[in-house]
Amino acid sequence: VRAVVFREPGRVEVDDVREPELVDPRDAIVRVSLSAICGSDLHFLHAKAPLEPGETMGHEAVGLVERVGAGVKSVSPGERVVVAFNIACGACWFCERGQSQLCEEARVLGAGLFGGSLGGAQAELVRIPNADVNLLPVPRDIDDERAIFVGDVLSSGYHAAEIASIRPGETVAIVGAGPVGNLVAQAALLHGPSEVIAIDLEPGRLALAADAGAVPVNAAQRNPQTAVFERTGGRGADVVIEAVGTLAAFERALDVVRRGGRVVVVGVYASEVFPAQLGVWWARALDVRFTGLCPVHGVWRRAMTEVARGRIDPLPLVSHRLGLEEAPKGYELFDRREASKVLLRP
Ligand SMILES: [Zn+2]
Ligand SMILES: [Zn+2]
């Protein structure tokens with residue numbers, strides 16, 4: 001079967017790979033109808049995260065269940081499903097408490113040895129372990145292009161807004177208006193804030209955030225701290241959600257939050273080191289929360305419902321629709337930041 005494979009740092013190809021098989025009675029094989037390229041795939045492309053040449057890539061997919069093992073109860077062949085980007089056991093201490101991102105046996109599709117040596121989702125067929133836990137049926141009225149977001153980016157944004165404990169009338173600022181920031185903004189608006197302010201440098205992203213109902217602030221044109229303070233009686237935002245994952249973005253989040261406010265960090269960090277003057281954080285009574293990866297299994301049903309109701313719509317974020325064979329071009333566009341979301345259709 002055809003799949004996107006890692007060749008060497010900076011180069012992916014579409015090639016024939018061995019067809020995935022059921023190896024455990026709880027497995028399912030999904031015939032992928034749509035997959036996508038995600039920001040974290042770029043870490044593999046550039047070998048910032050290790051992948052062996054020839055290993056397959058991708059962790060976002062929607063498709064039809066092709067075959068299931070004898071132990072699978074909740075999905076059956078022919079059913080349309082979305083795949084969880086993070087493959088959990090569903091039964092450990094953390095999974096039982098809704099924190100599946102901390103699962104004792106957490107694995108990730110298309111992440112090589114580091115992700116548990118599962119095949120990637122940018123392929124015609126993909127094996128999903130613990131299918132009862134890691135596949136969610138897609139309602140008939142939600143198309144593939146919307147549903148695919150529920151397996152990762154949309155649920156991540158939805159979860160960040162949820163753990164921010166936004167109260168009606170509060171002001172929410174979002175640092176970063178990329179796909180996650182945009183979906184955070186849409187989800188935050190469901191909690192009844194007085195307004196959601198989206199801070200970014202790129203006019204295109206800000207325009208999409210404004211379409212979604214946020215107040216855009218272009219940090220290339222004006223000081224975002226001044227802009228946020230002007231709108232909040234000089235105090236700063238009650239809640240700031242950082243959706244970038246850089247030290248500059250984290251610092252900006254601290255700059256625009258009010259005393260006693262909450263900072264939620266959904267941006268992804270690895271080895272960055274940040275100097276914090278704890279006395280300042282303590283005196284400001286800051287509440288800083290890190291989401292970690294999204295505990296998608298505890299979130300995606302609610303997220304899917306919001307998509308079905310049309311209260312969150314990821315579709316405007318799709319910039320490119322390519323065939324699976326054009327994946328290398330998709331990676332290039334995405335890597336050059338010329339694409340916000342690239343969908344690949346096998
Ligand atoms: Zn992803
Ligand atoms: Zn678990």
Side-chain angles (χ1 to χ4, degrees), residues 4 6 12 24 26 32 34-46 48-49 51 56-63 82-112 114-116 118-123 126 128-136 144-160 176 178-184 243-245 266-270 291-300 303 314 317-320 327 330-331 334-335 339-344:
V4 176
F6 175 75
V12 300
D24 181 281
R26 292 166 297 174
V32 175
L34 192 67
S35 66
I37 302 176
C38 179
S40 52
D41 293 326
L42 294 180
H43 295 306
F44 293 108
L45 177 71
H46 295 303
K48 285 179 191 152
L51 215 51
T56 55
M57 303 179 67
H59 57 266
E60 298 181 9
V62 171
V82 60
V83 166
F85 76 98
N86 131 39
I87 300 295
C89 78
C92 72
W93 193 92
F94 290 99
C95 280
E96 283 188 345
R97 282 157 185 81
Q99 293 186 300
S100 60
Q101 83 273 46
L102 307 175
C103 174
E104 309 271 13
E105 295 168 32
R107 288 180 282 178
V108 182
L109 297 170
F114 154 85
L118 300 176
Q122 290 159 5
V126 62
I128 306 299
N130 296 313
D132 286 334
V133 175
N134 295 302
L135 292 177
L136 181 69
D144 287 355
E145 294 194 350
R146 289 183 171 87
I148 194 168
F149 282 89
V150 176
D152 185 354
V153 188
L154 191 147
S155 288
S156 297
Y158 186 81
H159 173 244
V180 174
N182 183 291
L183 291 161
V184 169
V244 181
V266 63
V268 179
Y269 289 89
T291 61
L293 291 176
C294 174
V296 63
H297 313 82
V299 173
W300 61 356
L317 298 169
V318 177
S319 59
H320 295 76
Y331 270 85
F334 197 58
D335 194 33
S340 60
K341 191 69 180 177
V342 179
L343 301 182
L344 301 172

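These numbers come from a predicted model, not from an experiment. Order of listing sets the numbers, starting from 1, for every ligand and every atom in it.
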Quick one: closest heavy-atom pair of Gly110 and Leu51, and the distance?
O-CD1, 4.3 Å
As a quick check of understanding, evaluate side-chain contact (heavy atoms from CB on, under 4.5 Å) for Phe149 and Tyr158, giving each step before the final call.
CA-CA 11 Å; Phe149 282 89; Tyr158 186 81; over 6 Å; no
Opening angle at the Zn ion (ligand 2) [SG, Cys95; SG, Cys103; to 10 degrees]
100°
Give a yes or no on whether the backbone of Ala61 and the side-chain of Ser35 come within a donor-acceptor separation of less than 3.5 Å.
no
For Gln122 and Asp41, which I'm curious about, is there any donor-acceptor pair between the side chains at under 3.5 Å?
yes
Nearest 0.5 Å please: distance from the CD atom of Glu60 over to the CG atom of Leu154.
11.0 Å
Angle at the Zn ion (ligand 2) (to 10°), with one arm to SG of Cys92 and the other to SG of Cys89
110°
Check the Zn ion (ligand 1) and write out every protein N, O or S atom at under 2.8 Å, as residue and atom.
Cys38 SG, His59 NE2, Glu60 OE2, Asp152 OD2
So, do Ser40 and Val268 sit near enough that their side-chain heavy atoms are less than 4.5 Å apart?
no
Main chain of Arg26, side chain of Asp132: is a donor-acceptor contact present, judged purely on distance under 3.5 Å?
no
